[in-house]
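Let me begin by presenting the structure, written as structure tokens, before commenting on it.
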Protein chains: 2
Amino acid sequence: MPEMTIKELARICGVAVSTVSRAMNDRSDVNPETRARIRAAAAQYGYVPNSSARRLKIGTTKTISVFIQGEFGQLLVEVLQQLELAFAQAGYDTTISHVADPEHANAGTVERIVREGKFGGVVFLGRYGSADREASAQLSRRLAEIDVPMVFCTTPDYSGTAALHSSISVDDHAGARELTAHLAALGHRRIAFVGAGAEPDREHAWALRLAGYRAGLKDAGIAPDDALVVASAVEEQAYTMRNGYESVSRWLTTAPKDVTALVAVCDAAAIGASRALSEAGLSVPADVSLVGFDGLDIANYFVPRLTTIVQPVPEIAQSTARVLLATMDEPGRAIEQVWIRGRLVPGDSVRALT
Amino acid sequence: MPEMTIKELARICGVAVSTVSRAMNDRSDVNPETRARIRAAAAQYGYVPNSSARRLKIGTTKTISVFIQGEFGQLLVEVLQQLELAFAQAGYDTTISHVADPEHANAGTVERIVREGKFGGVVFLGRYGSADREASAQLSRRLAEIDVPMVFCTTPDYSGTAALHSSISVDDHAGARELTAHLAALGHRRIAFVGAGAEPDREHAWALRLAGYRAGLKDAGIAPDDALVVASAVEEQAYTMRNGYESVSRWLTTAPKDVTALVAVCDAAAIGASRALSEAGLSVPADVSLVGFDGLDIANYFVPRLTTIVQPVPEIAQSTARVLLATMDEPGRAIEQVWIRGRLVPGDSVRALT
DNA sequence: CTGAAAGCGCTTACAG
DNA sequence: CTGAAAGCGCTTACAG
């Protein structure tokens, strides 16, 4: 196919290029018959407008870019699908910008948004920024200076004291608190948390979930015990089976023997933890109860079925789309922080002690 | 940031736009000092060339598009990451085109490639086309007419008798054959296959794996038995836990009682199968042995650890990159079909009967 | 409702 | 090594 241009099509149809342009773009100021004739010819000859030329003129596009950094699991894939759907319904194309190497891509990420620049809006999905707090905060601030509507989905805004961006996430704190309360209600008092980061933090999912766990303990009148907070062994891949496995394996050598339940930072970590327990001769839930967070498919198929908080993927995606589209319509719009409650789904991984 | 243009930067530097262009594109015919000066100014003022304008002039870009259709799991994510890496090393950007709805996007997919047109190359990752055989074959043929180098990774070329596209995959047939031989060597004779499609097929992964299973039975002198071929209950999501679960649950009501082992079409299906077995009071591997295919993380963390064929992700990605880049260099290049052997990794899900 | 013309920001022969 | 100029394919005021 020799890539027909608007000029050739105009010649074939015996009209001016401007008329072809109007017909192709469904402008009202074209004779319906002319338009039909041009569109028929376009279909026949396989004419497709050159999007680069178009973009160069227009400046902006009906395209929303979703940024994903580093590894991404089932959860993000699901959110992504639903986002694409929601944007498509609003007449926007979705393009995925995957930043493979999170550590070296911060400046690059920003630069790319500015350069390609022509996105109607941008979603940051999952984590973003680097492990370094200050660098992440700086990135967040630089992003805020760019004149493109953006929202953070499933990842917090690290800007610092004042939030600079809209964000939508599951309510990590409330979820972990509920899981902990659930365990306490079943008689557990010695409950550990698996997957804490090294530095204090109050924005990452692990930190919010850890805080929720602590709040849950407090609700139940249980004194916190640092020996029950299991640090991530593989911090740069905190939300993985491997981290759950290695963290718990290491911790078990010195763990208090009276622990009866584990709250894992996520389902994947819970599954890794389960293997570590099994290798240590401990069975779930007979010897130790175990809960996860996220509600992945695997939580439902794992043996035993994992008690977990199911992330409300449809609501998260819909809220994200709603906030972004609203901001695109009304650029000066106030930023919005949305926390959506997940649903606790009991499995077979928790034993009642009472 | 007011989006500086080449013209403004040229004025600031006191040179012609053509000189700026040469400096930014690292052409040899610029005075090194001039170039340094211009680049410094570009950095200082945050000038980034407008990619649309550039594309419009150049016609083609240093960008490779990876197409992913429908749902995608951990395996494709891993391949994707490695592809991005390989392309980056060759100086190419990677962009992901996710086609959310596989059934309705065939024509759209093609059109999009043609329209955006300016990709240096295209990779189809995972499945592509629709469930309908003829539609897929037609799509494959239409793709072959487009003047963009493309390769199929982890998905077959459905063109028909003569292959029209290069493709790279794990050797599904050899892998399933090896798994079956492995079971037979441990004394299993009544071995079932979980996840067969309804229509005869010789290109999809399930069909190749089913054929490999049959070859493995034959190698071991075991007569095939149709009652041991478990049809997919959820055919449009064949490679999922849900399909493994529902297929085996349904089949168990009428399954021969003497089955001692299951070959699942993939790890996810194996995990689903495991739950179905467990609900029927059958334990893995004490009552039934179970093997998967793919080598996902979960195979290694599941209890019991799953015996499986590990997909050689690095080799698959590297071969894909190599073939695509070679085709881009040499457009008339012969197509190439690469089948890479996976590695059988024994877990704890198989019991020796002898 | 339609056409002629300017111009989006860049690259690349063509002269010097 | 550098500059002036043409032109990539489109859209959009501006006239009619």
Side-chain angles (χ1 to χ4, degrees), chain A residues 1-39 41-42 45-63 111-112 114-120 147, chain B residues 1-39 41-42 45-63 93 111 114-120 147:
Chain A
M1 268 179 263
E3 288 284 325
M4 167 174 286
T5 70
I6 195 174
K7 214 163 148 187
E8 299 173 274
L9 188 65
R11 196 180 44 67
I12 288 171
C13 294
V15 296
V17 293
S18 41
T19 305
V20 174
S21 173
R22 282 188 276 255
M24 295 306 292
N25 290 295
D26 265 328
R27 316 281 298 207
S28 55
D29 52 351
V30 208
N31 184 313
E33 283 176 21
T34 315
R35 194 184 63 190
R37 192 159 51 87
I38 291 172
R39 297 210 134 213
Y45 293 95
Y47 166 69
V48 186
N50 179 312
S51 59
S52 298
R54 175 149 217 237
R55 202 164 313 177
L56 178 56
K57 273 306 285 186
I58 305 272
T60 182
T61 55
K62 292 283 259 184
T63 299
E111 186 195 321
R112 189 157 162 184
V114 176
R115 180 179 60 202
E116 307 270 338
K118 318 301 183 188
F119 295 129
D147 190 24
Chain B
M1 269 181 263
E3 289 281 326
M4 166 173 289
T5 68
I6 195 173
K7 215 163 148 185
E8 299 172 273
L9 188 64
R11 196 179 44 66
I12 288 170
C13 295
V15 296
V17 293
S18 42
T19 304
V20 174
S21 172
R22 282 187 277 254
M24 295 307 292
N25 289 295
D26 264 329
R27 316 280 299 205
S28 54
D29 52 350
V30 207
N31 185 312
E33 283 175 21
T34 315
R35 194 183 62 190
R37 191 159 51 85
I38 293 172
R39 297 209 135 215
Y45 293 95
Y47 166 68
V48 186
N50 178 311
S51 59
S52 298
R54 175 151 217 231
R55 203 165 312 178
L56 179 57
K57 272 307 284 185
I58 304 271
T60 183
T61 54
K62 294 283 260 182
T63 299
D93 277 342
E111 186 196 320
V114 176
R115 180 178 62 201
E116 307 271 339
K118 316 302 182 189
F119 295 129
D147 192 24

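Remember, it's a predicted structure, so these values are computed and weren't measured experimentally. Note on naming: letters A, B, ... go to the chains in the order of the sequence lines (proteins, then strands), and numbering restarts at 1 for each one.
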Which side-chain N or O atoms in residues 10-22 of chain B pair as donor and acceptor under 3.5 Å with protein atoms at least two apart or in another chain?
none

Do you know which two heavy atoms are closest between Glu8(A) and Met4(A), and how far apart they sit? OE1-CA, 3.4 Å
Which pair of heavy atoms, one from Ala23(B) and one from Val30(B), lies closest together, and at what distance? N-CG2, 4.2 Å
With sequence neighbours excluded, residues passing salt bridge (Lys or Arg N to Asp or Glu O under 4.0 Å) with Arg54(B): none
Taking the P atom in each of dT11(C) and dA15(C), what is the distance between them to the nearest angstrom? 22 Å
Using only atom types and a distance under 3.5 Å, with no angle test, would you say the side chain of Asn25(B) pairs donor to acceptor with the backbone of Arg27(B)? no
First-last contacting nucleotides on DNA chain D - partner chain B, under 4.0 angstrom, heavy atom: dC1(D) to dG9(D)
Give, ordered by number, those residues of residues 17-26 of chain B having at least one heavy-atom distance below 4.0 Å to an atom of DNA chain D; if nothing qualifies, reply none. Ser18(B), Thr19(B), Arg22(B)
Only counting residues at least two apart or in another chain, list the ones meeting salt bridge (Lys or Arg N to Asp or Glu O under 4.0 Å) with Arg39(B). Asp26(B)
Of Lys57(B) and Val15(B), whose nearest nucleotide on DNA chain D comes first from the 5' end? Val15(B)
Looking at CG of Asn50(B) and OG1 of Thr5(B), how far apart are the two atoms once the value is rounded to the nearest 0.5 Å? 9.5 Å
So Asn31(B), base contact, sugar-phosphate only, or nothing? Heavy-atom distance under 4.0 Å. sugar-phosphate
Flag side-chain contact, heavy atom, 4.5 Å: Met24(A) against Tyr47(A): yes
Rounded to whole angstrom, note down the P distance from dC1(C) over to dA5(C). 24 Å
Got a minute to check which stems DNA chain D is part of, using Watson-Crick or G-U wobble pairs under 3.5 Å, three or more consecutive? C:1-3 with D:14-16, C:5-12 with D:5-12, C:14-16 with D:1-3
Rounded at 0.5 Å granularity, tell me how far OG in Ser51(A) sits from CG in Leu56(B). 10.0 Å
Restricting to side chain to side chain donor-acceptor pair (under 3.5 Å), what partner residues turn up for Asp29(B), sequence neighbours left out? none
Identify whether any heavy atom of Leu56(A) sits under 4.0 Å from a base atom; if not, whether one sits that close to sugar-phosphate; answer base, sugar-phosphate or nothing. base
Decide yes or no for Thr34(A) and Arg37(A): does some side-chain heavy atom of the first lie under 4.5 Å from some side-chain heavy atom of the second? yes
For Arg35(A), which contact category applies under a 4.0 Å heavy-atom criterion: base, sugar-phosphate, or nothing? nothing
